[in-house]
Amino acid sequence: MRRLFFLLILLSPCSLFAEDGSQLWLRYTPVDKHMVQQRTISLQAKDQTAQLAKQELEKYWRGSSISLRLDKKIKKLRDGYQIKGDGTGVEVVAAKPAGLLYAAYHLLRLQETETDIEHLDIEEIPDYDIRILNHWDNLDRTVERGYAGYSLWKWDELPKQLSPRYEQYARANASIGINATVLNNVNASPQILTADYLEKVKALADVFRKYGIKVYLSANFSSPKVLDGLSDSDPLRKEVQDWWKAKVKEIYQHIPDFGGFLVKANSEGQPGPQDYGRTHADGANMLADALKPYGGLVMWRAFVYNPTEEDRAKQAYQEFVPLDGEFRDNVIIQIKNGPVDFQPREPFTPLFGAMKNTAQMIEFQITQEYLGFSNHLAYLAPLFKEALDADTYSEGKGSTVARVTDGSIFKGKRTAISAVANIGEDMNWTGHHFAQANWYAFGRLAWNHQLSSEDIANEWIRQTFTNAANFVTPVRQLMMDSREAVVDYMMPLGLHHIFAFDHHYGPEPWGDRKGGRPDWMPWYYHNADTIGLGFDRTATGSNAVSQYYPPLDSIYGNMASCPENLLLWFHHVPWTHTMKSGRTLWAELCVHYDRGVQCVRTFQKTWDKLEPYVDTQRFKEVQSKLKIQAKDAVWWKDACLLYFQTFSKMPIPYELERPTHELEELKKIKLNMKQHN
Ligand code: BDP
């Protein structure tokens with residue numbers, strides 16, 4: 001009987017063990033008793049985080065004995081570690097308990113990816129001090145731009161009941177080096193700072209602490225007025241300052257290692273210091289002063305823009321650069337990777353490197369608000385890398401966004417990197433099995449921004465699915481091609497923000513709302529007319545190019561030297577303009593849209609062939625999502641090409657797939673995807 005069972009496993013391993021994705025990349029199997037007797041895991045430290053490192057290894061490690069050691073003197077390691085293995089045993093040293101935990105996960109990662117686990121000479125020091133997720137979770141458990149179900153945080157049940165997923169969440173984050181989390185939406189409800197909610201926040205912080213994770217909160221700038229009836233929330237008024245001081249004291253009584261506040265102020269209708277004629281620096285500094293005695297930080301967002309005559313892409317720079325040097329040293333300006341808004345492709349925000357006396361951090365979006373929600377497969381490491389590796393030229397060549405934010409160019413500041421989470425209550429955490437890879441990739445890049453997208457995909461695939469080369473190689477290729485495919489079928493050549501109003505899922509390049517803000521309308525961004533397409537951001541247009549350091553200003557500002565993948569971001573280009581391929585702009589646009597569609601069809605073919613390597617449930621779920629993606633890609637292509645064709649009046653090159661929709665029919669589509677915000 002037993003034999004038959006093993007035979008069955010060998011013949012059909014996948015269908016026997018359906019997986020739901022809930023284990024993420026942490027699919028370790030416990031070692032048996034025999035193995036436990038063969039090797040020892042030793043540790044001289046009582047700390048609970050260090051103990052956790054030991055427990056994880058005791059349960060799952062299949063290699064030789066390990067000694068874990070804390071040595072506070074090796075300060076250069078920060079929360080990193082050293083691992084040495086000579087074939088007879090492994091030695092791990094860290095300066096902080098969290099370092100031992102990260103080392104434990106490093107060892108398990110090597111084991112799970114079938115890498116040598118005995119001969120080791122590793123030193124890992126994280127690139128950023130704070131590696132933080134931003135949850136856009138509301139207190140009613142809806143998640144703004146969340147596509148994986150309701151919020152993980154069950155506020156009604158807290159603080160008494162603790163869902164087991166809180167600990168699983170913390171463990172998953174620790175396994176990739178994430179050490180901080182903002183629990184609530186940047187469009188913050190003041191309620192989060194009430195005594196009742198602080199009890200709940202404390203309960204979560206108590207679970208996360210063991211995993212080295214600090215809790216932060218988004219603060220609503222009007223909290224003093226809304227919660228306690230102060231006449232206003234003017235940051236220069238003593239009563240307001242005292243209110244925040246008392247509030248911060250109360251928070252630290254509950255959570256002694258509280259991280260600090262994330263603030264969205266004077267942006268998209270949120271309150272802020274400008275309501276009282278004060279500056280962003282006045283607002284941020286008031287909070288920073290309250291947090292300072294406890295070592296807390298303010299992450300103050302630069303995502304600000306107003307419906308003025310000025311190009312939206314220029315506004316953050318214009319508001320923040322004049323304030324350089326005015327912020328307290330426990331304030332970090334949190335800047336989105338692109339100057340408009342988490343589009344499938346944007347240039348980097350020119351504010352990076354332009355405030356030399358102010359700490360800056362990048363904000364990515366893991367949740368796919370603009371990349372097909374949790375329906376489309378889009379591996380985002382290449383997007384993250386594109387921004388981090390972009391050269392700002394702020395201190396000459398080589399001043400990449402990564403280097404102007406990681407402390408290597410501007411010294412003496414605490415460094416941080418953030419991303420908006422894609423996590424919800426869904427069994428597989430992220431809605432799409434492959435969206436787990438984006439959470440994973442953010443953590444890995446926050447730890448080491450020099451890792452390659454391929455290597456991160458490789459280790460994720462091996463841990464999440466299988467080490468079989470016949471699976472790993474094609475899936476890695478699929479992942480590597482996926483973000484560019486989305487760009488191609490949605491917004492190639494630098495097009496941006498031509499989404500349907502509000503939900504940002506489907507195409508609506510024709511979109512217009514009477515009386516609506518122009519900077520929320522697709523025509524504002526694409527400017528299609530009988531002459532051409534694109535936003536003129538050169539000196540003849542909004543001159544946003546002037547915000548970039550030389551030589552970028554002229555590279556971007558010149559149609560001939562501007563990278564073609566950003567051409568329509570910076571230029572209004574005639575339909576007949578000759579592209580590098582020799583095609584006209586119009587034909588090139590058609591080729592890109594078509595390529596995006598064909599690429600998704602290839603993903604389907606690749607995936608279907610891999611059925612023998614994947615458990616049934618995950619195979620089918622990914623297969624279904626790819627079907628949606630393929631349909632959506634055609635929808636995007638037809639909508640954009642048919643609409644832009646009404647201006648270009650040129651034929652879609654005859655060798656390309658023909659549209660299958662009527663433009664008028666597409667214009668009638670209304671999706672019921674209203675956001676709860
Ligand atoms: C936009 C989202 C909106 C967010 C805003 C932000 O559409 O829901 O509140 O960004 O980052 O992308 O504050």
Side-chain angles (χ1 to χ4, degrees), residues 132-140 142-148 151 182-189 192 216-222 261-272 274 280 283-284 298-307 312-313 315-316 319-320 332-346 349 351 361-374 378 380 383 387 417-422 424 438 442 486 490-491 496-506 508 511 513 516-517 519-522 524-525 671 673-677:
I132 188 166
L133 286 180
N134 290 186
H135 288 268
W136 285 358
D137 296 19
N138 297 313
L139 304 187
D140 64 2
T142 57
V143 180
E144 183 156 341
R145 314 303 179 185
Y147 316 106
S151 167
V182 184
L183 296 178
N184 61 317
N185 193 355
V186 284
N187 296 316
S189 162
I192 192 75
Y216 289 64
L217 293 176
S218 292
N220 181 302
F221 203 77
S222 277
F261 294 131
L262 171 65
V263 187
K264 172 175 178 177
N266 293 120
S267 163
E268 297 186 330
Q270 291 301 316
Q274 294 177 342
H280 284 287
V298 177
M299 294 173 174
W300 189 270
R301 296 176 90 225
F303 178 67
V304 296
Y305 64 99
N306 285 308
R312 167 171 169 184
Q315 296 184 26
E319 277 205 45
F320 278 86
I332 307 188
I333 305 301
Q334 180 167 316
I335 307 166
K336 288 190 181 182
N337 59 283
V340 167
D341 197 3
F342 298 139
Q343 299 299 292
R345 168 162 286 121
E346 293 187 52
T349 303
L351 199 46
M361 63 190 279
I362 200 165
E363 174 178 337
F364 288 118
Q365 194 181 44
I366 308 175
T367 190
Q368 291 168 233
E369 172 181 0
Y370 296 103
L371 287 105
F373 294 6
S374 54
L380 298 181
L383 186 159
I417 182 167
S418 67
V420 182
N422 61 350
N438 296 332
F442 168 70
V486 178
M490 285 188 182
M491 276 164 260
H496 51 290
H497 227 317
I498 54 176
F499 293 94
F501 190 77
D502 195 28
H503 59 64
H504 301 163
Y505 186 75
E508 208 176 84
R513 306 273 148 148
R517 283 173 65 156
D519 55 351
W520 284 355
M521 301 304 155
Y524 175 94
Y525 300 99
L671 292 183
M673 289 180 161
K674 238 188 146 17
Q675 277 292 310
H676 312 267
N677 50 9

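Order of listing sets the numbers, starting from 1, for every ligand and every atom in it.
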Give the atoms of ligand 1, by number and element, whose distance to some non-hydrogen atom of K264 is under 4.0 Å. 4 (C), 5 (C), 6 (C), 9 (O), 13 (O)
Could you list the atoms of ligand 1 found under 4.0 angstrom from a heavy atom of E268? 4 (C), 5 (C), 9 (O), 13 (O)
Looking only at the side chains, is there a donor atom on one of N134 and Q334 sitting less than 3.5 Å from an acceptor on the other? yes
Could you tell me whether a side-chain N or O of T349 sits under 3.5 Å from a main-chain N or O of G338, the two making a donor and an acceptor? yes
Report yes or no: does S267 contribute a side-chain atom to a donor-acceptor pair with the main-chain N or O of F303 at less than 3.5 Å? yes
If you measure every N or O of E363 against every N or O of ligand 1, does any of those distances drop under 3.5 Å? no
Just go through Q343, H503, K336, E369 and tell me whose heavy atom is the nearest to atom 10 (O) of ligand 1. K336
Option whose closest heavy atom lies nearest to atom 6 (C) of ligand 1, chosen from F303, Y370, F342: F303
Using a 3.5 Å cut-off on N or O atoms only, is Q365 in polar contact with ligand 1? no
Testing N138, N187, T367 for side-chain hydrogen bond (donor to acceptor under 3.5 Å, both in side chains) with E144, which one passes? N187
At the 4.0 Å heavy-atom cut-off, does Q270 count as touching ligand 1? no
For the CZ atom of F221 and the CD atom of Q274, what is their distance to the nearest 0.5 Å? 10.0 Å
D519: partners by salt bridge (charged side-chain N to carboxylate O under 4.0 Å, His left out), with sequence neighbours left out: R517
Taking 4.0 Å as the limit for heavy-atom contacts, which would you say applies to V420 with ligand 1: side chain only, backbone only, both, or neither? neither
Test side-chain hydrogen bond (donor to acceptor under 3.5 Å, both in side chains) applied to Y216 - qualifying residues, sequence neighbours left out: none
Atoms in ligand 1 with a heavy atom of D341 nearer than 4.0 Å: 1 (C), 10 (O), 12 (O)
